[in-house]
*Asks:* 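Below you will find the structure I want to go over with you.
Being a predicted model, the structure only gives us computed values, none of them experimental.
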Amino acid sequence: MLNTSAIGAGKLRRMRRMFGADGRSVFVAIDHAAYMGEGPPLGEPMREIAAGRPDAVLATWHLARAYADVFAQSGLVLRVDGGSSELGERASTDLNRILHRAEEAVRIGADCLVVLAFPGAPDEDLSLTRLARLCSEAEMLGLPVMAEMIPGGWGQAVPWTTENVARAARIGAELGADIIKTVCPGPAEEFAAVVETCPVPVVALGGPKMKTEDDVVAVARGVVEAGAAGVAFGRNVWGSEKPRELVERLREAVHGAPA
């Protein structure tokens, strides 16, 4: 048996909380209300999502605290950056800050932290520096970091081509991220080029609401076939009339049919 440090053992256990034996995961993002002020419905819809047994959820501090019992069987990825909202005019610059420190995340039971980064944006140094510093801090606690890499930012200062998405993913990994969450730049099969050049697991984000839930499942199956470690879908799940059934379908698309 190989010996490992206590910190390394902690990170290993937390990663296994989020990824199955096949190395894949269905993440459900329910952290949108921290900047939208609306979005994931509270109460019974949260319990319906949990009943579908997502491998992990991306949550705000409030949801991590208020729904601890509901999502106790899923890994917890805590959103730790923010500080701006969609209530006013959309900012042209990066206004995000780190809102919760790694030690605080450990206290609330987080298995992982998630932050945004915008390589290629005019002020890319702000988000890339935040990511690197957070990775260093989290490493000392054995806490994985998920980097949500958006090339050029949401305003697409650089186009979301396969090459740019792949380069953004690699940058996130090189700065210390343990998991990359990023956009699918085109047809699902193109995600292979993103995965091939990234040394850590890559999951595809869902983006805007898709036309049908069959489309949602097809995208999940397609990116996994292209080599992705799974998906991190938000509004396509919590916006569903039957989120439990959709999460179950996503689990089958990502992990395969139950034996």
*Asks:* Thinking salt bridges, do Arg24 and Asp55 make one under a 4.0 Å N-O criterion?
*Replies:* no
*Asks:* Is the count of non-hydrogen atoms from other residues, nucleotides or ligands lying under 6.0 Å from Gln156 atom CD greater than 12?
*Replies:*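 It does: Gln156 CD has more than 12 such atoms within range.
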*Asks:* Of Val219, Val224, Val223, Val217, which meets side chain to side chain contact (heavy atoms under 4.5 Å, CB included) against Arg221?
*Replies:* Val217
*Asks:* Find the distance between CE (Met36) and CG (Leu87) and round it off to the nearest 0.5 Å.
*Replies:*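 One finds 11.0 Å between CE of Met36 and CG of Leu87.
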*Asks:* Which heavy-atom pair separates Asp123 from Asp94 by the least distance, and what is that distance?
*Replies:* OD2-N, 2.7 Å
*Asks:* Between Ser136 and Arg133, is a side-chain contact (heavy atoms from CB on, under 4.5 Å) present by the stated rule, with each step listed?
*Replies:* CA-CA 5 Å; Ser136 295; Arg133 289 177 176 170; 5.7 Å; no
*Asks:* Applying a strict under-4.5 Å side-chain criterion to I, L, V, M, F, W and Y, I'd like to know whether Leu12 and Val77 cluster together.
*Replies:*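 Looking at the clustering, Val77 is in a separate group from Leu12.
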*Asks:* If I take atom CZ from residue Phe19 and atom CZ from residue Arg14, how far apart are they, to the nearest 0.5 angstrom?
*Replies:* 15.0 Å
*Asks:* Output yes when a side-chain donor or acceptor of Tyr67 lies under 3.5 Å from a complementary backbone atom of His62, and no otherwise.
*Replies:* no
*Asks:* Heavy-atom distance under 4.5 Å between the side chains of Leu113 and Val115, does that happen here?
*Replies:* no
*Asks:* Any donor and acceptor pair, going by atom type alone, linking the side chain of Asn96 with main-chain N or O of Gly83 inside 3.5 Å?
*Replies:*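 Not at all, since once roles are kept as given, no pair shorter than 3.5 Å links the two residues.
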*Asks:* Grouping I, L, V, M, F, W and Y whenever their side-chain heavy atoms are under 4.5 Å apart, do Met210 and Val254 come out in a common cluster?
*Replies:*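 Linked within one cluster.
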*Asks:* Counting neighbours of CD on Glu44 that are heavy atoms of other residues, nucleotides or ligands and sit closer than 6.0 Å, is the number greater than 12?
*Replies:* yes
*Asks:* Before giving the answer on side-chain contact (heavy atoms from CB on, under 4.5 Å), spell out for Leu99 and Val80 the whole-Å C-alpha distance, their side-chain angles and the decisive distance to 0.1 Å.
*Replies:* CA-CA 5 Å; Leu99 305 181; Val80 296; 5.9 Å; no
*Asks:* Just wondering, do Leu205 and Ile150 contact through their side chains at under 4.5 Å, heavy atoms?
*Replies:*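 Result yes, sub-4.5 Å side-chain heavy-atom pair found.
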*Asks:* Any carboxylate oxygen within less than 4.0 angstrom of a Lys/Arg side-chain nitrogen, looking at Arg244 and Glu248?
*Replies:* yes
*Asks:* Between Asp81 and His100, do the side chains contain an N or O donor and an N or O acceptor separated by less than 3.5 Å?
*Replies:* no
*Asks:* Would Glu196 and Arg170 pass as an ion pair if we require N to O under 4.0 Å?
*Replies:*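 The answer is no: the pair does not qualify as a salt bridge.
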*Asks:* Evaluate the side-chain proximity of Arg53 to Arg251: yes if any heavy-atom separation is below 4.5 Å, no if none is.
*Replies:* yes
*Asks:* Would you indicate whether Glu103, at its atom CD, is surrounded by more than 12 heavy atoms from other residues, nucleotides or ligands within a distance under 6.0 Å?
*Replies:* no
*Asks:* For the atom pair CE (Met15) and SG (Cys112), what is the distance rounded to the nearest 0.5 Å?
*Replies:*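 Answer rounded to 0.5 Å: 7.0 Å.
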*Asks:* Begin with the C-alpha distance, continue with both residues' side-chain angles, and end with the deciding distance and a verdict on side-chain contact (heavy atoms from CB on, under 4.5 Å) for Ser127 and Leu131.
*Replies:* CA-CA 6 Å; Ser127 63; Leu131 171 60; over 6 Å; no
*Asks:* Is there a side-chain contact between Phe233 and Leu250 in this structure, where contact means two heavy atoms from C-beta onward sitting under 4.5 Å apart?
*Replies:*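 Yes, side chains in contact.
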*Asks:* How many angstroms lie between CZ in Arg101 and CG in Leu141, if you round to the nearest 0.5 Å?
*Replies:* 10.5 Å
*Asks:* Decide if atom CZ of Arg249 counts as having more than 12 heavy atoms of other residues, nucleotides or ligands within a radius under 6.0 Å.
*Replies:* yes
*Asks:* For side-chain contact (heavy atoms from CB on, under 4.5 Å), just list the numbers for Met46 and Leu42, CA-CA rounded to whole Å, side-chain angles, deciding distance to a tenth of an Å, and then say yes or no.
*Replies:* CA-CA 6 Å; Met46 288 292 173; Leu42 303 174; 4.3 Å; yes
*Asks:* Which distance, rounded to the nearest 0.5 Å, do you find between the CD1 of Ile171 and the CE of Met149?
*Replies:*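 Ile171 CD1 to Met149 CE: 6.0 Å, rounded to 0.5 Å.
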*Asks:* Tell me the closest heavy-atom pair linking Val28 and Pro54, and the distance in Å.
*Replies:* CG2-CB, 3.8 Å
*Asks:* Can you hop from Phe191 to Met146 via hydrophobic side chains spaced under 4.5 Å?
*Replies:* no
*Asks:* Would you name the heavy atoms of Ile180 and Ala173 that are closest together and state the gap between them?
*Replies:*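 Heavy-atom minimum between the residues: CD1-N, 3.7 Å.
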*Asks:* Do Phe27 and Val57 come close enough that some side-chain heavy atom pair is under 4.5 Å?
*Replies:* no
*Asks:* List the atom of Arg79, the atom of Lys181, and the distance in Å for their closest heavy-atom pair.
*Replies:*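 Shortest heavy-atom separation between Arg79 and Lys181 comes out as NH2-NZ, 4.4 Å.
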*Asks:* Any donor-acceptor pair under 3.5 Å linking the side chain of Thr162 with the backbone of Glu190?
*Replies:*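 A pair under 3.5 Å: no.
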*Asks:* Do Asp111 and Leu143 come close enough that some side-chain heavy atom pair is under 4.5 Å?
*Replies:* no
*Asks:* Return the minimal non-hydrogen interatomic distance between Gly75 and Met18, and the atom names on each side.
*Replies:* CA-CG, 4.4 Å
*Asks:* Working to the nearest 0.5 Å, report the span between SG of Cys184 and CD of Glu189.
*Replies:* 8.5 Å
*Asks:* Establish whether Val216 and Val231 are linked, either directly or via other cluster members, by ILVMFWY side-chain heavy-atom contacts under 4.5 Å.
*Replies:*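 Yes, because Val216 and Val231 connect within a single hydrophobic cluster, where side-chain heavy atoms sit under 4.5 Å apart.
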*Asks:* NZ of Lys242: more than 12 outside heavy atoms within 6.0 angstrom?
*Replies:*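 No, NZ of Lys242 has 12 or fewer neighbouring heavy atoms, counting only those of other groups under 6.0 Å.
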*Asks:* Can you get from Leu58 to Leu246 by hopping between Ile, Leu, Val, Met, Phe, Trp and Tyr side chains that sit under 4.5 Å apart?
*Replies:* no
*Asks:* Which atoms form the tightest heavy-atom contact between Ser74 and Ala56, and what is the distance?
*Replies:*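 Minimum heavy-atom separation between Ser74 and Ala56: CB-CA, 4.1 Å.
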*Asks:* Any non-hydrogen side-chain atom of Ile30 less than 4.5 Å from a side-chain atom of Val237?
*Replies:* no
*Asks:* Are Asp31 and Trp61 packed together at the side-chain level, in the sense that at least one heavy-atom pair is separated by less than 4.5 angstrom?
*Replies:* no
*Asks:* Indicate whether any N or O donor in one side chain lies under 3.5 Å from an N or O acceptor in the other, for Glu213 and Ser240.
*Replies:* yes
*Asks:* Taking the basic N atoms (NZ, or NE/NH1/NH2) and the acidic carboxylate oxygens, is any pair closer than 4.0 Å for Lys11 and Glu139?
*Replies:*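 Salt bridge: yes.
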